[in-house]
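All residue numbers refer to positions in the sequence shown, counting from 1. Just so you know, ligand 1 is whichever comes first in the structure, and atom 1 is the first atom listed for that ligand.
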Amino acid sequence: MIHQKRREELLSMLGRDAVVIVSTNSEQKRNSDVTYPFRPDSNFWYLTGFTEPDAIAVFSKESYVMFLRPKDETKEIWNGIRLGVALAPETLLVDQAYDIDTFFDNIDSFTQKRSVIYFDAPGSGGWKDNSSTNIHNQRIHSLFESSLKPLNPCISEMRLIKDKEEVKNMQDAADLASEAHMSAMRVASPGLYEHNVASVFDSQFTNGNSEHSYPPIVASGENACILHYNENNQELQDGDLLLIDAGCEINGYASDITRTFPINGKFSEAQKEIYGIVLSAQKSAIDSIKPGVSCNKPHETACQIITDGLIKLGIMKSPEDLTKFYMHGTGHWLGLDVHDVGVKLINDEFREFKSGMVTTVEPGIYIRRDDKIESKYWGIGVRIEDDVLVTEAGNHVLSKKAVKDIDEIEYLMSQR
Ligand SMILES: [Mn+2]
């Protein structure tokens, strides 16, 4: 029913003559006859709730039809049950269902001449992707080229505001990942490898009927200064920090959490100094979030605190040096996609937070070897990331179960 409500809401924004065509993706080949685990297209999932590959939904004020894979006894024995054409109407609440291979024989009856067709192509694979869905997408694109309008701007605005059901999924995803981060703190110790700690997340996510929402970053020592490090194969050294950026997905909704902690359970004085600045920047950035405030406020707040802190320690001489140590944004929208849809700028101005938006807050400091900096700071990379829901009253930190204060982390690690 929730998907029906979303389709109706979308159509009410698009006008009376609108027809929406939205397709999901095909399975992607990994090697030989092995495919990657399938994950549906986010827009398609949001509007239909249908999670099989190779399907196209077409809907307007008059009708809702689904083109999908037909039943196939042999393929179902090998690869799993398909919903099929006959059961689709009662399961998906469509008026009619058709074999995906008949799409171009039937589509004309749903796209009258006066219609404006809302459709986005190509998918994530780009034009070079030769999957069957993408070949359909390319044909749809050339067939209707003159009457096509992009669907993404409207649906992105809808997806930006999360409803109760979506918030529940995101809370569950944040809870599961928070637990896993704390398990990692209990497990990590000198002599283990980064992948040993990564396996904690694999195990707990799988156990929770979930999966990673992105490849996890388990970065010890100066590996933490490589922002998208994910080799995860180095030995954990006594005296180093471990930065872990890992999140999971529940019913399609992502969590995205980063914690940084000392491998031996005790922060050094230099690590405490840097960690303290990031933590204070992160807490103040979170506190700035409430409806009506610019969505750039957390970044401004974090940059100010990190600048002041690094100048005070003598690591930075002037505010212009900030991007040497803090070179990424302070947050991004979070939802069905880990870097979720929704623009931040409207007419060149940062938009305001609204109740129901979910953003990450993830300041960091990364100090590479540099003769101009005291060597006790070399190789320290710290990021702290939480998932924050904007509420009427201000905000709610979905990932607050994962401890982040220095004494909380040291206490938890002392219990190993
Ligand atoms: Mn993030």
Side-chain angles (χ1 to χ4, degrees), residues 39 42 124 156 159-160 162 166-167 169-182 184 198 201 205 210-219 223-230 232 241-250 252-261 275 278-279 281-286 288-289 295-303 306 323 325-344 350 353 357-366 381-390 395-404:
R39 201 282 191 182
S42 295
S124 55
S156 299
R159 281 175 52 190
L160 188 54
K162 274 72 180 175
E166 294 179 292
V167 169
N169 285 321
M170 296 188 74
Q171 181 66 69
D172 290 347
D175 285 344
L176 184 59
S178 296
E179 290 295 339
H181 274 276
M182 289 197 291
F201 292 84
F205 292 169
S210 176
E211 58 200 303
H212 288 276
S213 46
Y214 55 94
I217 296 166
V218 182
N223 295 334
C225 299
I226 303 166
L227 296 180
H228 287 168
Y229 174 83
N230 56 22
N232 301 349
L241 293 173
L242 182 59
L243 181 156
I244 303 180
D245 185 341
C248 62
E249 195 174 281
I250 302 266
Y253 289 86
S255 55
D256 179 5
I257 302 174
T258 307
R259 288 292 182 267
T260 308
F261 58 88
Y275 190 91
V278 178
L279 185 62
Q282 205 243 7
K283 286 182 172 177
S284 297
I286 291 174
S288 75
I289 296 176
C295 73
N296 197 43
K297 186 77 182 163
H299 187 56
E300 287 170 15
T301 307
C303 286
I306 291 172
T323 52
F325 305 98
Y326 181 36
M327 59 297 276
H328 57 77
T330 299
H332 51 80
W333 306 124
L334 184 70
L336 282 168
D337 295 320
V338 68
H339 293 164
D340 207 29
V341 292
V343 290
K344 283 197 167 181
F350 285 105
F353 283 122
M357 292 176 171
V358 179
T359 182
T360 65
V361 179
E362 50 177 311
I365 296 177
Y366 313 91
V382 174
R383 180 165 63 254
I384 308 171
E385 175 177 29
D386 279 307
D387 303 341
V388 180
L389 168 71
V390 186
N395 68 69
H396 168 71
V397 181
L398 297 167
S399 48
K400 66 178 175 187
K401 280 191 184 159
V403 297
K404 62 183 176 186

CA sep, side-chain torsions, deciding dist, call: Phe261, His181, ring pair (Phe, Tyr, Trp, His ring centres under 6.0 Å): CA-CA 10 Å; Phe261 58 88; His181 274 276; 8.5 Å; no

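Evaluation of the side-chain hydrogen bond (donor to acceptor under 3.5 Å, both in side chains) rule for Glu249 yields Arg39 as partners, not counting sequence neighbours. With sequence neighbours excluded, the residues forming a ring pair (Phe, Tyr, Trp, His ring centres under 6.0 Å) with Tyr275 are Phe267, listed by chain and number.
Residue Lys297 places its NZ atom among 12 or fewer non-hydrogen atoms of other residues, nucleotides or ligands, all under 6.0 Å distant.
Pairs engaging residues 334-343 under the salt bridge (charged side-chain N to carboxylate O under 4.0 Å, His left out) rule: Arg159-Asp337, Arg159-Asp340, Lys162-Asp340 [sequence neighbours left out].
The residue from Glu362, His299, Glu385 that alone fulfils the side-chain hydrogen bond (donor to acceptor under 3.5 Å, both in side chains) condition with Thr330 is His299.
For a distance threshold of 2.8 Å, the protein N, O or S atoms nearer than that to the Mn ion (ligand 1), listed by chain and number, are Asp256 OD2, His332 NE2, Glu362 OE2, Glu385 OE2.
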